[in-house]
Each structure stands twice: as C-alpha cells, then as structure tokens.
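Below is one structure; the comments refer to it alone.
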Amino acid sequence: MLTAEADVEQRVKGLRAGADDDIVKPFHPLELIARIKALLARSGGGQQKKAAEKATLGQLACFYPAKGGVGTTTIAINTAIALATRLKRKTALLDANLQFGDMRVFLDMSLNSSSIVNAISEPALDDELLKKLLVSHHGGMELLLAPPNPESADIVVERQRTDPGSLSNILSLLRRSHDYTLVDMPKTIDDFNLQLFDEADVIFVVMTADLSCLKNVRLVLEVMESLGYERSKIQLVLNRSNAYTGINVDNAESALGRKIDYQIINEYRGAISALNSGEPFMASRPDGPLGQSVSKFARDVDAIFAEEAVPVRA
C-alpha cells in the first residue's frame, strides 16, 4: 500500500483491509524494491523459481599475462566458449583490462554495450540488475565488458578504492549465477588486480617459451609467494608450446623450478585471422588444431574443478 497519509490510524486500516505492507510517500525507489523482495521471500513467491535453478560450480579463474602479447585474451575468450559449448557450463567472461580492454574488438561488440562501469556504479546491484548488464555472445558465454574508453576506467578504480565491497559483490553475483567466471587481466599489479588475485580460486599465468617471458614468470611466482598464495593456486599455461624459440618445455621447467601445468599449441595464422575477423576460432573452427588444443585445456580444467568444487546455490 502506497499512501500519502502518515497517520497511524489510516495505515492500520489499510493493513486490516488486506495490505501486506505499507510505505508513506515520498519514498526512495530502493526502499520500495527492498520491501517488495522481502514480501516475495516471506510469501514463498520466489521459492518455485529458486527450486528450478541449478546450483552452480561458482569457480573464479584469473588469466594473467607474464608479459604483453602472450595471447592471454585469446585463450580466455576461447576457453570460455569451449566451457560453454563443449562442456555445457554456464560461463561468464570479465574483461578486467580497464583502460585498454580488447574484447569489444575481438568479439565485434558495440561501444554502446554496457560495461563494468555500469555494474560497479550501481549501489543496489543484485542478480536481476547484473543479468541486464551482461552481454550475451553467440559463443554461449556472457560478458561483462571493460569500460569503452580509458578515462572511464578511473570511475571503476575510484569506486573500488572507496568501496572494495563493490567489486566483491560483482564477483559474488557472477559466481552464484555461473559455473565459471573467467577474468582477463592486464599485466599490471595494482590494488584492483590484487583484489582479483585474492578472490580467485585459481590464477592461470599465461606464458611463452622465450627468455624475457621466463624471467617475468619467475618474478610473478615470487610475488605470488610473497602474497601468501598456495602453490596450487598458481597454474602455468604455456601458449604456442610447439613454436620454435630455442627453449623447449624441459628447459623452461628447469629454469622456473616447477612444472608447466598446461600447454596450448601454436597456430599463429589461425589465431590472428580469428582476431581480425571478430569471430573466435572456437566459434568458427572449433575442430581445427588450435580449437582442439583449447578444448583439451578446458576439459582438463573442468575435470579438476568440477570434482573439487562445492556447488554454489544460485
């Protein structure tokens, strides 16, 4: 019952007449929404919907590049498609490269599409509102895109700095509604990325077998150790594993003092052609050598985390 009458007697009359709740005008829209949701929860109006919703695995995986140009975004995008189409996992992809995110270009998305700016700026972000901000891709995954321009990145950074819970809320909502949330990250290490590292279940460090990259991987591993992360949380992904660089897998593992966990083959021509067309190779040529390699990576990851994960109720 919406009323302009603040008089107690009039409000009691309304409740006796059958109103479940009342609110006096003027009121804030957020209060009205909260009261409606509370009524639905008490009356069981949402129980049928909740019963129909599946529990999700709720896994959060960061893809972090040991250096620029190692193919992190390509791997993240195509792994998301493989999880969604081949393994039928509900998958979200978050572009956390706030200043220069490439997913709009790689996936041929409009500059007008909603982004993380809209999500993190919303003080009452919930499942329903986030669902409206996610952009669906025909590859089967849902996207939360990076800001459309570099200056908008400051909005996200400032909001996360003043209210770290805003980013946590986005990640929590994505976990609840998806089996996998994949985060494509830039190579910088700042407060925003550190929070992503903290909240992730696994951090995939993407690398190539060249000297400068191996040097960076060693530094990254040292930083991760200093942050107190368990060794198992950091997984090494060797991209372009069959490319001739003069350093083979055994040499790389010896230099790093640890095993490389996953390998993805090199097929530069197919990868660059997919990038330039705006159509990921897992959507256009999923059965090609590169598509098969990424599919294997996705299956291996799913086999581990599906077994270990405790489902999160949507």
Side-chain angles (χ1 to χ4, degrees), residues 1-56 58 60 90 92-95 98 109-137 141-149 151-179 181 192 195 199 310-314:
M1 180 176 70
L2 310 180
T3 175
E5 298 290 339
D7 181 70
V8 173
E9 185 178 345
Q10 294 299 321
R11 296 170 71 185
V12 169
K13 277 186 180 180
L15 294 170
R16 286 176 175 169
D20 295 294
D21 197 359
D22 77 304
I23 184 169
V24 178
K25 297 184 281 188
F27 53 84
H28 195 284
L30 292 179
E31 183 183 0
L32 176 60
I33 291 170
R35 285 174 179 262
I36 291 172
K37 286 183 176 179
L39 285 171
L40 287 171
R42 288 201 298 271
S43 66
Q47 288 178 4
Q48 188 173 2
K49 179 182 175 183
K50 286 181 180 179
E53 290 177 341
K54 280 178 62 179
T56 64
L60 178 65
K90 193 165 185 189
L93 190 54
L94 167 60
D95 190 348
L98 299 179
M109 292 285 175
S110 166
L111 284 173
N112 296 323
S113 300
S114 56
S115 75
I116 189 173
V117 177
N118 306 97
I120 207 165
S121 302
E122 177 54 60
L125 186 71
D126 59 11
D127 295 277
E128 291 300 318
L129 185 51
L130 181 61
K131 204 175 289 185
K132 293 176 182 177
L133 298 176
L134 293 174
V135 180
S136 296
H137 185 266
M141 73 282 198
E142 294 183 306
L143 308 165
L144 188 57
L145 296 168
N149 48 61
E151 54 267 28
S152 296
D154 293 340
I155 299 172
V156 180
V157 172
E158 180 60 23
R159 174 70 173 164
Q160 184 260 352
R161 186 187 66 81
T162 56
D163 180 16
S166 57
L167 177 59
S168 293
N169 184 42
I170 292 173
L171 298 176
S172 176
L173 292 172
L174 288 171
R175 279 182 184 272
R176 285 216 307 262
S177 55
H178 296 84
D179 294 307
T181 299
F192 187 85
Q195 186 172 346
E199 302 215 21
V310 176
V312 176
R313 181 62 59 184

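Just so you know, these numbers come straight off a predicted model, no measurement behind them. Because only heavy atoms are used, hydrogens play no part in the values below, and waters and symmetry mates are left out as well, while side chains stay in.
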For the residue pair Pro147 and Ser152, what are the closest heavy atoms and their distance?
-> CB-CB, 3.6 Å
Interatomic spacing from CD1 in Ile116 to CD1 in Ile170 - rounded to 0.5 Å | 5.0 Å
Run the side chain to side chain contact (heavy atoms under 4.5 Å, CB included) check on Met109 and Asp95 step by step: do they pass?
-> CA-CA 13 Å; Met109 292 285 175; Asp95 190 348; over 6 Å; no
To the nearest 0.5 Å, atom NE2 of His178 lies from atom CG of Leu60 at 12.0 Å
Say whether, by atom type as modelled, one donor and one acceptor occur between the side chain of Ser172 and the main chain of Ser168 under 3.5 angstrom.
-> no
Under 3.5 Å: donor-acceptor pair, side chain of Asn118, backbone of Leu133 | no
Contact summary for Ala55 and Asp179, nearest pair of heavy atoms = O-OD1, 4.4 Å
Counterpart residues, side chain to side chain contact (heavy atoms under 4.5 Å, CB included), relative to Asp126 (two or more places apart) = Lys37, Glu128, Leu129
Decide yes or no for Thr181 and Leu144: does some side-chain heavy atom of the first lie under 4.5 Å from some side-chain heavy atom of the second?
-> no
Which atom pair, heavy atoms only, marks the closest approach of Ala92 to Leu174?
-> CB-CD2, 4.1 Å
In Å, rounded to the nearest 0.5 Å, how long is the span from OG1 of Thr3 to NZ of Lys25?
-> 7.0 Å
Quick one: OG on Ser115 to CG on Leu143, what's the gap to the nearest 0.5 Å?
-> 12.0 Å
For residues Ser166 and Ile120, report the shortest heavy-atom separation together with the two atoms involved.
-> OG-CG1, 3.5 Å
Check step by step if salt bridge (Lys or Arg N to Asp or Glu O under 4.0 Å) holds for Asp163 and Arg159.
-> CA-CA 6 Å; Asp163 180 16; Arg159 174 70 173 164; 3.5 Å; yes
Ser177 and Thr56: CA distance, side-chain angles, deciding distance, side chain to side chain contact (heavy atoms under 4.5 Å, CB included) verdict | CA-CA 7 Å; Ser177 55; Thr56 64; 5.7 Å; no
Write down the atom of Ser113, the atom of Val135, and the distance for their closest heavy-atom approach.
-> CB-CG2, 4.0 Å
Minimal heavy-atom distance between Ala153 and Leu98, with the atoms involved, is CB-O, 3.5 Å
With sequence neighbours excluded, residues passing salt bridge (charged side-chain N to carboxylate O under 4.0 Å, His left out) with Glu199 = none
